[in-house]
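Reading through the C-alpha cells given below for one structure.
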Amino acid sequence: MNNKVKKPLPSWLPLVVGALLVAQFAGLGAWQVSRGFEKRASQAAFRDETGFAAWRDGMEIRPYQRLRATGLYDGAHQLLLENIIVNSRYGYYVITPLLVADDEPVLLINRGWVEKTGTAFDTSLLTLPEGRTTVRGRAGSLPRAGYKMGEAVEETSTWPKRAVYPSSEEVAAVLGRDVQQFVLLMDHEEQHGFYRHWVPTEFGPGKHFGYALQWFAMAAVLSGLLIWNYRKKRFDS
C-alpha cells in the first residue's frame with residue numbers, strides 16, 4: 001500500500017490569488033465611479049435642456065434633448081410594453097409610431113404609462129387624432145432589461161401587440177420598416193398621452209459612488225491582510 005504524501009500548496013499561491021482579487025475589487029470600484037459620473041452628467045443634461053428644437057431625420061441627437069416632431073400617427077400599429085413598474089404597480093408603456101415622411105424611418109413615440117388592471121387592455125384608450133400633428137418630448141430610448149426570456153414581441157396578427165423589452169431592431173422587424181435610433185418621450189403637457197414622469201434614472205450617481213466606496217474598502221482590507229501575512233511569514237522564517 002502506497003501512502004502518497006500530498007505536497008503543500010506553494011506559499012506564493014495565496015498571495016497571487018489575493019492580489020488578483022484586490023485588482024478585481026479595485027476595478028469594480030473604478031467602474032462604479034465611472035457609472036456615477038455618467039449618471040451625474042445625464043442628470044445635468046436633463047436639467048439644462050430648454051426649449052424644443054425642430055427635429056429632422058439625420059440630425060445629431062443629444063440624450064434628453066427637447067425636440068418637436070411633426071407627422072402622422074400610425075394608430076393601427078401600436079405596441080404595449082409590458083412589465084413596466086411605476087410606483088410599485090405593473091403597467092404598460094404605449095409606443096406609437098409617428099410617420100414623418102414615406103422615405104424616412106418612423107419615429108417611435110412613448111406616450112406614457114398605463115396601469116395594468118386586468119388581462120384585457122382597453123384599446124379605446126389608444127385612439128388618436130387624424131391628420132398631421134406636432135409632438136414635443138425628450139430624446140430617450142426603449143426600456144431595457146438585464147435579462148429576458150422568450151419572444152420580445154408576441155406573435156399575433158392583431159394590433160396592438162404586447163412586447164417585453166424589445167430592441168429597436170425587433171420593433172422595426174414587426175413594423176416592417178426601419179425606425180429611428182431614439183424614442184421621443186412625450187412631454188407631460190402634450191395631449192393624447194398617459195402618465196409621464198421622465199427622469200434619467202431612479203438609480204442615481206450617489207448609489208454608484210456608495211458601491212464604489214464598498215469595493216475600494218474591500219480592496220484596501222484585503223491588501224492590508226496580504227501585506228500583514230507576507231511580513232509575518234518573512235519574520236517567522
Side-chain angles (χ1 to χ4, degrees), residues 35 38-39 42-43 46 61 63-65 67 69 71-100 105-130 133 135-204 207:
R35 291 291 292 148
E38 288 178 8
K39 293 292 179 65
S42 295
Q43 291 182 348
F46 189 86
I61 303 298
Y64 311 114
Q65 182 177 359
L67 300 168
L72 292 168
Y73 276 127
D74 184 4
H77 301 95
Q78 302 188 68
L79 293 171
L80 302 175
L81 304 192
E82 296 189 286
N83 298 336
I84 305 299
I85 301 175
V86 174
N87 296 329
S88 303
R89 294 176 294 175
Y90 279 91
Y92 310 90
Y93 274 151
V94 177
I95 305 296
T96 305
L98 184 73
L99 310 178
V100 179
V106 300
L107 176 60
L108 301 179
I109 310 295
N110 188 335
R111 296 203 283 141
W113 180 84
V114 180
E115 184 177 3
K116 183 176 183 180
T117 57
T119 56
F121 184 88
D122 184 4
T123 56
S124 65
L125 297 173
L126 304 180
T127 304
L128 287 162
E130 297 181 358
T133 185
V135 189
R136 299 176 305 165
R138 289 182 179 270
S141 60
L142 292 170
R144 290 175 292 181
Y147 179 77
K148 64 180 181 180
M149 297 178 61
E151 295 293 331
V153 183
E154 65 177 349
E155 296 181 359
T156 176
S157 60
T158 60
W159 292 84
K161 293 182 183 292
R162 301 192 183 197
V164 180
Y165 297 107
S167 64
S168 297
E169 292 75 17
E170 289 167 328
V171 174
V174 74
L175 290 176
R177 60 183 298 173
D178 292 337
V179 301
Q180 299 291 341
Q181 293 304 304
F182 75 98
V183 174
L184 190 67
L185 309 176
M186 180 183 277
D187 188 74
H188 69 280
E189 294 185 354
E190 288 288 293
Q191 297 180 343
H192 313 296
F194 307 98
Y195 177 77
R196 287 150 286 171
H197 180 59
W198 311 121
V199 292
T201 179
E202 294 182 1
F203 187 32
K207 288 188 177 180

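Atom-to-atom distance recorded for Ser167:OG and Leu142:CG is 8.0 Å, nearest 0.5 angstrom. Separation of atoms CG (Leu108) and CG (Leu79) is listed at 7.5 Å; rounding is to 0.5 Å. Atom CG in Leu126 sits 6.0 Å away from atom CZ in Arg111 (nearest 0.5 Å). Atom CG of Asn87 is separated from atom OH of Tyr195 by 5.0 Å, given to the nearest 0.5 angstrom. Note that the CZ atom of Arg136 and the CG atom of Leu67 stand 12.0 Å from one another [nearest 0.5 Å]. For the atom pair CG (Asn110) and CZ (Arg196), the distance works out to 9.5 Å, reported to the nearest 0.5 Å.
Considering only residues two or more places apart in sequence or on other chains, Asp122 meets the side-chain hydrogen bond (donor to acceptor under 3.5 Å, both in side chains) condition with Ser124. Not counting sequence neighbours, the partners of Thr158 by the side-chain hydrogen bond (donor to acceptor under 3.5 Å, both in side chains) test are Thr156.
In this structure, Trp113 and Ile84 approach most closely via the heavy-atom pair NE1-O, 3.1 Å. Of all heavy-atom pairs spanning Leu128 and Gly75, the tightest one is CD1-CA, 4.1 Å. Heavy atoms only, all atoms of each residue included: Val94 and Gln78 are closest at CG1-OE1, 3.7 Å.
Exactly one residue among Thr96, Val106, Leu99, Ile109 makes a side chain to side chain contact (heavy atoms under 4.5 Å, CB included) with Asp74. That residue is Leu99.
Within the structure, ring pair (Phe, Tyr, Trp, His ring centres under 6.0 Å) pairs that include any residue of residues 72-95 comprise His77-Trp159, Tyr92-Phe121, Tyr93-Trp198 (at least two apart or interchain). Residues in residues 81-98 take part in these salt bridge (Lys or Arg N to Asp or Glu O under 4.0 Å) pairs, two or more places apart or across chains: Glu82-Arg162, Arg89-Glu115.
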Scan the side chains in residues 172-189 for donor-acceptor partners under 3.5 Å anywhere in the protein, sequence neighbours excluded, and list what turns up.
unit_1 : atom_1 : unit_2 : atom_2 : d
Arg177 : NH2    : Asp102 : O      : 3.3
Arg177 : NH2    : Glu104 : O      : 3.0
Gln180 : NE2    : Asp57  : OD1    : 3.0
Gln180 : NE2    : Pro105 : O      : 3.1
Asp187 : OD2    : Glu189 : N      : 3.0

